[in-house]
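Report on one structure; see the data block that follows.
Residue numbers run from 1 in the order of the sequence given. Below, each value reflects all heavy atoms present in this structure, side chains not excepted, and no hydrogens, waters or symmetry copies.
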Amino acid sequence: AECGGGMHFCPTPLHALSFDSEARRFIACPIKFSDIAVTYPAQYPQKIKSPRICQPCYEVDLYGDPIQAVTA
């Protein structure tokens, strides 16, 4: 149940590194609090699931701060 169905997210990029320690780019995906699903007890307590996002996604740095898009 913990790894099946839905989209998977971590609360911060630092949490996401536990799934891919070589990741260098991160995307914030806003979800509604009411859509968050957790599994208890969890093998991966740093992971949450949601059936959808509620706003546009955007790139963030390792600390979750938005990265400004470079415009030419």
Taking only residues at least two apart or on different chains, which pairs with a member in residues 28-38 satisfy side chain to side chain donor-acceptor pair (under 3.5 Å)?
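Residue pairs with at least one partner in residues 28-38: Asp35-Arg52.
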Sequence neighbours excluded - side chain to side chain donor-acceptor pair (under 3.5 Å) pairs with any residue from residues 8-19:
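Sorted result for residues 8-19: Thr12-His15, Ser18-Gln46.
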Excluding sequence neighbours, so at least two apart, what forms salt bridge (charged side-chain N to carboxylate O under 4.0 Å, His left out) with Arg24?
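For Arg24, no residue satisfies salt bridge (charged side-chain N to carboxylate O under 4.0 Å, His left out) once neighbours in sequence are set aside.
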Quick one: pull up OG1 in Thr39 and CD1 in Ile48 and give me the separation to the nearest 0.5 Å.
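It is 11.0 Å, given to the nearest 0.5 Å.
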Does [X] belong to the same Ile/Leu/Val/Met/Phe/Trp/Tyr cluster as [Y], with side-chain heavy atoms less than 4.5 Å apart forming each link?
X	Y	value
Phe9	Leu17	no
Val38	Ile31	yes
Ile36	Met7	yes

Pairs in or reaching into residues 22-43: which pass ring pair (Phe, Tyr, Trp, His ring centres under 6.0 Å), with residues at least two apart or in two chains?
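Output for this query is empty, none listed.
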side-chain contact (heavy atoms from CB on, under 4.5 Å) between Lys47 and Cys3, worked out:
CA-CA 9 Å; Lys47 180 171 70 172; Cys3 292; 3.1 Å; yes
Can you name the nearest heavy-atom pair linking Pro56 to Pro30, along with the distance?
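That would be O-CD, 3.5 Å.
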Applying side-chain contact (heavy atoms from CB on, under 4.5 Å), name anything that partners Ala28, two or more places apart in sequence or on another chain.
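With sequence neighbours excluded, Ala28 shows a side-chain contact (heavy atoms from CB on, under 4.5 Å) to Tyr58, Val60, given in chain and number order.
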Through direct or indirect side-chain contacts below 4.5 angstrom among Ile, Leu, Val, Met, Phe, Trp and Tyr, which residues connect to Ile27?
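Under the 4.5 Å side-chain rule, Ile27 groups with nothing.
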How about Cys10 and Phe19: do any of their side-chain heavy atoms sit closer than 4.5 Å?
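In short, these two side chains touch, coming nearer than 4.5 Å.
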